[in-house]
Structure formats: structure tokens, C-alpha cells
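Since we're looking at a predicted model, the values are computed, not measured.
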Amino acid sequence: MDSRIDAYIKGAADFAQPILRHIRQIVHLNCPEVTETIRWGFPHFDYRGIMCSMAAFKSHCAFNFWKGELLQFDGKSADAMGQFGRIVTLKDLPSKPALARLIKAAMKLNEASVPAPRLVKSRAVSNMSPQKLATPRPSDYFLMVLKKNKKALITFEGFSHSNKNEYLEWIIDAKTEATRNSRVTQAIEWMAEGKIRNWKYVRK
């Protein structure tokens with residue numbers, strides 16, 4: 001148990017505290033070897049690598065599985081931020097047995113060293129013009145970290161299509177979790193300063 005997470009829960013809004021305590025309890029109950037830490041300002045649960053995380057915002061909470069795209073949520077793979085959407089009450093979370101199944105499945109992925117999903121461009125997409133390319137879907141982690149930094153969020157939302165793509169593709173193309181984490185941190189720092197991805201090469 002990490003005392004920083006105790007402090008995080010205590011500092012969360014009243015509605016969020018029972019939700020965060022519940023998630024924490026369920027994770028520890030189903031994964032006794034889990035370790036806790038704080039990354040990007042919110043609680044993470046590690047088991048042979050990053051497994052899941054939780055966060056509290058002004059009006060909702062989020063619960064995220066690092067490899068959520070490889071898990072099944074009500075028979076479907078997840079793609080929503082936090083995978084459970086906006087959590088306002090305990091009723092917004094799946095049942096304890098359902099959460100237990102997800103945690104066990106996430107543990108098996110890490111035990112097998114299955115890498116987190118990466119967006120792969122097809123040759124057809126690569127040949128499309130920049131105007132027709134869709135912006136890559138930001139990862140749950142990137143969105144959660146971005147919303148923690150107001151300056152970076154304002155910069156990102158004001159970016160052109162191509163400027164957004166440069167950051168998202170840079171992060172997605174990381175070959176290891178450590179590199180991806182480092183790039184997310186660096187991206188947020190640069191955007192908080194109002195910088196585009198390749199700001200170093202811009203002529204002054």
C-alpha cells in the first residue's frame with residue numbers, strides 16, 4: 001500500500017472517495033501481489049508491469065486497464081476512456097465478480113508479457129492524403145494525463161490536425177511501455193509550454 005494513494009483518496013471529492021476505496025479493495029483482493037504507485041498524478045496498480053489505474057476528477061472518476069483493448073467488457077473489447085466511462089457512483093462499476101474476472105485476465109496478460117496494443121497503419125491508410133487521414137485514437141493514459149494539465153489540454157485542443165497527429169503517432173509508435181510513458185510525460189511538458197512536437201526544427 002502506498003501512503004500517497006491514501007492521501008489522493010482523502011483529497012478527492014466526497015462522492016469519489018468510496019469509489020476509489022472500492023476499486024483499490026477489489027484490485028488488492030484479486031491480485032494480492034499488486035504494488036501501488038503514483039504516475040502522472042494519479043494512482044496506478046502494478047503487477048509485473050502496469051496493470052490498471054484509477055483517477056478522480058471534479059465530477060466523475062475513471063478506472064482504466066492498461067491493456068484494456070485486449071480484455072472483454074460485456075462481450076465487447078473496450079475503447080472508451082477509462083473503459084467504464086464516467087463513474088459517478090458505485091452503481092456505475094461492474095459487479096465484484098465481473099471486476100474480478102477483468103483483473104484476473106489483466107494479470108494473465110502481464111504474466112505472459114503481452115505488449116500493450118499499438119495502432120498499426122495499413123498501407124492503404126499510409127497512402128492517403130493528410131487531409132483524409134483520421135487522427136489516431138489517443139490512449140486512455142494520454143487523455144487522463146492530458147486532462148490533469150490545463151495548459152497542455154488547451155494547447156492540444158487548439159492544435160491543427162497535423163500537429164495532433166505528430167504527437168499521437170510519436171507516442172503510439174513507442175516499442176516499449178517505458179518509452180511510451182517517457183514520451184507521454186515529455187509531450188505533456190512540451191504542450192504545457194505551447195510547443196508542437198517538432199518545435200526544435202521550427203525556424204525562428
Side-chain angles (χ1 to χ4, degrees), residues 38-44 46 49-73 76-87 106 109-110 113-204:
I38 294 287
R39 288 191 184 90
W40 306 309
F42 54 92
H44 283 65
D46 292 3
I50 300 175
M51 184 172 69
C52 55
S53 66
M54 62 183 185
F57 302 97
K58 289 184 178 180
S59 58
H60 72 282
C61 293
F63 183 33
N64 173 72
F65 282 92
W66 181 246
K67 299 173 183 175
E69 292 179 27
L70 301 178
L71 301 176
Q72 294 293 314
F73 297 76
K76 298 179 180 179
S77 58
D79 58 5
M81 177 185 173
Q83 291 133 14
F84 303 100
R86 297 168 61 88
I87 303 170
L109 290 174
N110 282 9
S113 299
V114 176
R118 295 173 59 214
L119 182 64
V120 179
K121 296 180 186 177
S122 68
R123 182 174 300 177
V125 171
S126 298
N127 292 331
M128 291 176 65
S129 65
Q131 290 76 15
K132 293 182 179 180
L133 282 172
T135 299
R137 184 176 66 81
S139 70
D140 298 326
Y141 271 74
F142 176 78
L143 290 173
M144 294 173 77
V145 176
L146 183 62
K147 288 189 175 184
K148 285 282 187 176
N149 191 309
K150 292 183 179 179
K151 290 183 179 179
L153 178 60
I154 291 172
T155 298
F156 184 77
E157 290 180 340
F159 270 157
S160 65
H161 173 85
S162 59
N163 284 337
K164 287 181 180 179
N165 276 7
E166 287 177 354
Y167 268 116
L168 294 175
E169 290 177 359
W170 181 53
I171 293 169
I172 290 169
D173 286 342
K175 292 181 172 57
T176 66
E177 290 184 7
T179 301
R180 184 161 47 248
N181 295 350
S182 176
R183 289 184 180 182
V184 168
T185 301
Q186 183 64 81
I188 298 300
E189 180 181 326
W190 283 344
M191 286 190 288
E193 297 173 357
K195 296 176 178 177
I196 62 173
R197 161 75 178 90
N198 295 308
W199 62 272
K200 295 179 181 179
Y201 306 104
V202 176
R203 293 183 178 180
K204 296 182 180 180

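Residues meeting the side chain to side chain contact (heavy atoms under 4.5 Å, CB included) test with Ala55, sequence neighbours left out: Tyr8, Phe42, Phe57, Met144. Residues passing the side chain to side chain contact (heavy atoms under 4.5 Å, CB included) test with Ile154: none are found, sequence neighbours excluded. For Ser160, the side-chain hydrogen bond (donor to acceptor under 3.5 Å, both in side chains) partners at least two apart in sequence or on another chain are Ser162, Asn163. When the side-chain hydrogen bond (donor to acceptor under 3.5 Å, both in side chains) test is applied to Lys151, no partner is found at least two apart in sequence or on another chain.
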*Leu168 and Phe142: CA distance, side-chain angles, deciding distance, side chain to side chain contact (heavy atoms under 4.5 Å, CB included) verdict*: CA-CA 9 Å; Leu168 294 175; Phe142 176 78; 3.8 Å; yes
Handout entry: Stepwise side chain to side chain contact (heavy atoms under 4.5 Å, CB included) check, Arg39 with Asp46
Key = CA-CA 11 Å; Arg39 288 191 184 90; Asp46 292 3; 2.6 Å; yes
Name the atoms and distances for all side-chain donor-acceptor pairs under 3.5 Å in residues 183-190, with sequence neighbours left out.
from, atom 1, to, atom 2, distance (Å)
Arg183, NH1, Trp170, O, 2.5
Thr185, OG1, Trp40, NE1, 2.9
Thr185, OG1, Asn181, O, 3.1

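Looking at every heavy atom in both residues, Lys148 comes nearest to Gly41 through NZ-O, 4.1 Å. In terms of heavy atoms, Phe159 sits closest to Lys195 at CZ-O, 3.4 Å. Looking at every heavy atom in both residues, Met191 comes nearest to Thr155 through O-OG1, 2.8 Å. Across Asn110 and Lys67, no two heavy atoms sit closer than the pair OD1-NZ, 2.8 Å.
Residues Pro43 and Ile38 form a side-chain contact, since some pair of their non-hydrogen atoms from C-beta on lies under 4.5 Å apart. When side chains are defined from C-beta on, Phe156 counts as touching Lys164, because their heavy atoms get closer than 4.5 Å.
Here the straight-line distance linking atom CZ of Arg197 with atom CD1 of Ile171 works out to 9.5 Å at 0.5 Å rounding.
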